[in-house]
2 protein chains.
Amino acid sequence: MASTEDTIAVRISKELADRIISGAIEPGSRLRQDHVAEEFNTSHVPVREAFRRLEAQGLAISEPRRGVRVASFDLGEVREVAEMRAALEVLALRHAAPHLTASILDQADEATKAGDKSRDVRSWEEANRTFHRLILAPCNMPRLLSTIDDLHAASARFLFAAWRSEWETRTDQDHRAILSALRQGNTESAATTLGRHVQWIGQKPVKTASGRTRDAFAIVG
Amino acid sequence: MASTEDTIAVRISKELADRIISGAIEPGSRLRQDHVAEEFNTSHVPVREAFRRLEAQGLAISEPRRGVRVASFDLGEVREVAEMRAALEVLALRHAAPHLTASILDQADEATKAGDKSRDVRSWEEANRTFHRLILAPCNMPRLLSTIDDLHAASARFLFAAWRSEWETRTDQDHRAILSALRQGNTESAATTLGRHVQWIGQKPVKTASGRTRDAFAIVG
DNA sequence: TTGTGTGAAATTATAGATAATTTCTTTATT
DNA sequence: AATAAAGAAATTATCTATAATTTCACACAA
């Protein structure tokens with residue numbers, strides 16, 4: 001962790017992002033600058049800068065003079081993020097494909113296996129994110145990649161909100177189909193599968209705070 | 001202008017964004033917080049927050065302890081922004097199409113005419129942006145729309161850098177074709193044209209500071 | 001009950017002051 | 001002349017203090 005190199009504001013924003021994504025802080029709850037400042041043993045100036053970062057990532061919403069709260073989300077936003085990911089990841093893959101090496105594809109295969117073996121959401125999500133990053137990074141489009149990263153952060157949040165604890169292992173056929181197409185140089189087929197893959201929205205009943213049961217939705221790809 | 005409602009940081013970031021986009025501040029030049037603070041008659045705390053905003057929009061780059069500078073760009077980034085716009089605007093249009101009314105399409109037609117009549121880049125850019133926003137806004141996907149807005153800001157910057165002053169009026173056939181397809185309910189055709197339209201990169205010789213001539217590139221759609 | 005003021009407490013937003021780091025300039029050395 | 005070292009100036013990052021605004025709790029009236 002290069003956290004000693006980072007500025008305090010960056011360190012705080014990373015830590016808060018992690019908590020928001022993992023669900024440790026509830027959607028809608030307020031982020032109070034003095035409290036955060038006290039926790040991190042700083043003044044609130046870097047805290048405010050951290051808030052601006054979270055805002056840009058779509059993890060928090062700030063209303064002037066009324067403070068910052070953790071962004072809430074609904075099925076509409078899950079769909080929106082899924083479709084944006086589909087459009088942008090397909091674009092990235094088309095550009096990355098010519099630069100993919102056997103070594104990268106092997107690593108992506110490893111990530112897929114790690115995902116299949118995962119017995120909890122957190123490690124599945126990490127493996128999945130690694131897979132996507134591996135095959136997309138060689139596109140060499142920094143702006144595109146950072147937008148995709150933000151969308152993955154949002155996806156992870158939806159996922160953890162739905163699959164809070166229980167997780168069934170499953171074999172990711174899509175990842176395998178994508179890798180196989182890429183190995184054969186069939187970029188179009190890989191892109192098509194990827195586009196469908198990231199739009200797959202899983203559905204799961206969860207118990208709400210009030211004891212009732214409702215359906216939660218998340219992107220599972 | 002609702003600037004009195006905004007926080008000082010927002011006001012500063014908007015003003016600086018405008019200067020960066022218009023080219024009033026050169027790419028690569030440093031943004032010094034004390035100087036900006038003095039100009040706006042504030043302390044540097046809101047200035048720093050404004051910098052974080054610019055960073056998120058991709059208009060400035062900040063290096064810890066070394067300050068913030070105006071982001072520079074090259075042909076690669078112009079292409080990247082063009083492709084991202086194509087992917088995302090097509091997505092937005094597909095969702096917006098069912099909600100488009102005759103009134104909206106008429107307004108878009110007006111915007112096209114205004115663009116054709118424009119005798120300078122700035123007013124052409126504004127009309128063009130209005131056109132795109134009109135036909136995309138009804139998609140009702142806030143995250144997508146704000147990402148597209150940032151990309152339009154980048155596009156405008158490329159454009160002003162290339163077409164600093166001279167501008168030839170021209171008739172935008174693409175806009176007309178898109179509107180006509182939309183009126184006929186042919187969303188796919190409109191989307192295809194839009195995707196191509198936004199990726200059209202114009203090329204123009206410009207004189208550099210050192211008196212030499214090189215080619216500048218910009219998105220002209 | 002429901003709604004509406006009112007004041008205290010909490011919180012945000014900004015200013016001014018300080019410490020730490022980088023950049024620039026000048027001077028010495030090969 | 002070119003390069004390196006050293007010190008001064010400028011600049012960033014942070015902290016402490018203050019002003020302005022919002023939120024909350026509670027009382028009172030409809």
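Protein chains get the first letters and strands the later ones, always in sequence-line order, with residue 1 at the start of each. All values below come from the heavy atoms of this structure, side chains included, with hydrogens, waters and symmetry mates left out.
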When Ile8(A) and Arg65(A) are each assigned the nearest nucleotide of DNA chain D, the 5'-most assignment goes to Ile8(A)
TODO: Report the C-alpha separation of Phe217(B) and Phe158(B) in whole Å, then their side-chain angles, then the decisive distance to 0.1 Å, and conclude whether the ring-ring contact (aromatic ring centres under 6.0 Å, His included) test is met.
DONE: CA-CA 7 Å; Phe217(B) 300 87; Phe158(B) 305 151; over 10 Å; no
Between the side chains of Ser103(B) and Asp106(B), does any donor sit under 3.5 Å from an acceptor? no
Nt span of DNA chain D in reach of chain B heavy atoms at under 4.0 Å, 5' end first, is dT11(D) to dT14(D)
Sorted by chain and number, sequence neighbours left out, side-chain hydrogen bond (donor to acceptor under 3.5 Å, both in side chains) with Arg69(B) holds for none
- Task: Compute whether any side-chain donor of one residue and acceptor of the other, for Arg52(A) and Ser62(A), lie under 3.5 angstrom apart.
- Result: yes
Q) Hey, does the side chain of Glu89(B) reach the backbone of Leu194(B) with a donor-acceptor pair shorter than 3.5 angstrom? A) no
Per the under-4.0 Å heavy-atom filter, residues of residues 31-55 of chain A near DNA chain C come out as Leu31(A), Arg32(A), Gln33(A), Asp34(A), His35(A), His44(A), Arg48(A)
With sequence neighbours left out, the residues meeting ring-ring contact (aromatic ring centres under 6.0 Å, His included) with His197(B) are His132(B), His175(B)
Sorted by chain and residue number, the ring-ring contact (aromatic ring centres under 6.0 Å, His included) partners of Phe160(A) (sequence neighbours excluded) come out as none
Across all chains, not counting sequence neighbours, the ring-ring contact (aromatic ring centres under 6.0 Å, His included) partners of Phe51(B) are none
